[in-house]
Undergrad: 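Pasting a structure here, questions to come.
Just so it is clear, the structure is predicted and the values come from calculations on it, not from any experiment. Along the sequence shown, residues are numbered consecutively beginning with 1.
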Amino acid sequence: MLHALPKGPPLPQHRGARSFVLFFGLLSACGGSDYTAPPAAPAAPTIPADAATMQTKLATDMGRSVARMASLEAGTVFVLVPGMPLAPSMVTAADTSAGSPPNTWTFKGSFDGNGNGQDETTLDGRLTFVSNPTDFNAGFSGAQGSATVGIDILGLMHVYRGDLAFSLGMAEHRLSGSGTFTNPLTGSTTTMTVTPAEPLTIRLADGSPSAQPNACAHSFNGPAQVSIAGSAGTLASQWRFAYGSSTVAVSSASFTDTSGRTTALPDAQVDLGCSGTTASINDWNGRFRIRWACLPQEFNEFNTTITVKNATTISMIDDGATAADAYEASLIGASPRALRGFFIAGPTGSRYREDFNWTLNLDGSGFSQSSRYVYFEGPQAGRGGVCAARATRI
């Protein structure tokens with residue numbers, strides 16, 4: 001079957017997904033349920049109307065942000081693979097400057113970070129790999145680097161700016177730094193800060209106690225400071241994600257109005273869901289063109305047909321394959337927008353397993369994929385890589 005061809009040159013027919021440096025754009029919070037106190041206890045604080053409005057808007061933005069996480073994450077892999085069609089304006093090359101560590105690469109340029117067909121995202125960064133990113137025998141062993149990120153709408157309005165440090169691994173990624181999103185319509189700003197001492201770590205969600213889906217098809221762990229400044233005042237809070245929880249703990253929240261009056265807000269456990277309240281597993285039905293890239297560096301594309309098998313599972317058959325080659329993906333949590341599956345591929349004696357997560361676009365026009373593959377037999381046993389992909393309906 002097409003997806004069962006081996007890794008490395010010559011290029012296989014396809015592979016999965018991975019990356020994340022743009023997530024700082026939007027975050028959100030929302031109120032929790034009130035506690036019924038004994039008669040002698042003080043009453044719960046009254047939340048100002050402006051604070052409630054700001055919380056609601058932030059909650060909506062956060063839900064949409066995590067729903068785009070897979071697409072944004074995929075961009076990090078795309079820009080590190082020279083020649084990748086989804087990042088044609090990105091210049092990626094080995095850093096041969098004096099004093100540069102071995103296996104260091106630079107990347108600079110613009111690309112389509114959210115999959116809408118416009119090159120709205122600019123990156124300028126540097127990354128050092130543990131091993132040669134072109135060596136398939138060595139596999140992917142991790143990397144770390146930093147980048148400056150900018151996002152413009154139609155090239156006219158600068159809406160996001162971030163300076164980030166990150167590391168990429170097979171099991172998880174780590175991210176720290178600060179970024180600010182400016183709403184070009186309202187002028188409000190949202191700033192997220194993650195300290196290097198406690199980086200935000202990111203895994204593919206699998207529903208286990210160590211990887212609950214608290215951000216669509218991803219599982220986050222760690223604290224983030226979030227503040228929003230608008231015409232009505234400023235809302236500040238701490239968001240703490242945990243691998244073992246499908247909800248996010250929001251604490252130390254306060255609202256300061258334009259007169260300088262500050263109101264402490266109740267702590268809350270927030271379920272971000274995966275946006276799109278009307279989403280259905282039937283939204284996955286259709287034919288898709290999938291373009292993928294991996295580390296170690298390779299890229300290609302293929303077409304597949306998806307049909308719904310039951311209320312929790314879909315089935316895929318790649319063009320040129322038969323029904324016997326079909327593979328499946330199932331819901332990770334409650335949202336029909338986030339799926340997880342795997343397949344076994346490669347010739348006998350050199351097979352690997354690839355586990356992938358899919359997140360459906362907000363408008364259903366396609367999906368993004370994150371995956372990892374590991375050889376379980378042959379000379380490369382225990383080695384593998386990380387991949388990223390985007391799919392569009394055809």
Undergrad: Heavy-atom distance under 4.5 Å between the side chains of Pro379 and Asn137, does that happen here?
TA: no
Undergrad: Assigning hydrophobic clusters by single linkage (Ile, Leu, Val, Met, Phe, Trp, Tyr; side-chain heavy-atom cutoff under 4.5 Å), is Ile332 placed with Phe241?
TA: no
Undergrad: Got a donor-acceptor contact below 3.5 angstrom from the Arg203 side chain to the Ser210 backbone?
TA: yes
Undergrad: Measure from the side-chain N and O atoms of Ser246 to the backbone N and O of Pro213, and report whether any donor-acceptor pair falls under 3.5 Å.
TA: no
Undergrad: Is any side-chain heavy atom of Thr201 less than 4.5 Å from a side-chain heavy atom of Tyr243?
TA: yes
Undergrad: Ring centroids only, cut at 6.0 angstrom: are Phe111 and Phe78 within range, meaning strictly under it?
TA: no
Undergrad: Do Thr148 and Asp163 have side-chain N/O donor and acceptor atoms under 3.5 Å apart?
TA: yes
Undergrad: Check whether the side chains of Thr180 and Thr191 place a donor and an acceptor atom closer than 3.5 Å, and report yes or no.
TA: yes
Undergrad: If the test is ring-ring contact (aromatic ring centres under 6.0 Å, His included), which one of Phe136, Phe342, Tyr373, Phe376 qualifies with Tyr352?
TA: Tyr373
Undergrad: Per the salt bridge (charged side-chain N to carboxylate O under 4.0 Å, His left out) rule, what does the pair list look like for residues 246-264, sequence neighbours excluded?
TA: none
Undergrad: Centres of the Trp105 and Phe107 rings: under 6.0 Å?
TA: no
Undergrad: Side-chain heavy atoms under 4.5 angstrom apart, residues restricted to Ile, Leu, Val, Met, Phe, Trp, Tyr: same cluster for Phe356 and Leu331?
TA: yes
Undergrad: Please check this pair: side chain of His218 against backbone of Asn214, looking for a donor-acceptor N/O pair closer than 3.5 Å.
TA: no
Undergrad: Say whether, by atom type as modelled, one donor and one acceptor occur between the side chain of Trp284 and the main chain of Pro336 under 3.5 angstrom.
TA: yes
Undergrad: Going by heavy atoms in the side chains, are Leu204 and Asp355 under 4.5 Å from each other?
TA: no
Undergrad: Could you tell me the separation between the OG atom of Ser371 and the CZ atom of Arg353, rounded to the nearest 0.5 Å?
TA: 12.0 Å
Undergrad: Can you list every salt bridge (charged side-chain N to carboxylate O under 4.0 Å, His left out) pair that touches residues 176-200, not counting sequence neighbours?
TA: Glu198-Arg240
Undergrad: Looking at Gln144, I want to see if its CD is surrounded by more than 12 non-hydrogen atoms of other residues, nucleotides or ligands under 6.0 Å.
TA: no
Undergrad: Determine whether a donor-acceptor pair (N or O, by modelled atom type, separation under 3.5 Å) exists between the side chain of Asp325 and the backbone of Asp318.
TA: no
Undergrad: Under the rule for salt bridge (Lys or Arg N to Asp or Glu O under 4.0 Å), what residues qualify as partners of Asp95, not counting sequence neighbours?
TA: Arg126
Undergrad: Would you tell me whether Thr313 and Ser330 have side-chain atoms, one donor and one acceptor, within less than 3.5 Å of each other?
TA: yes
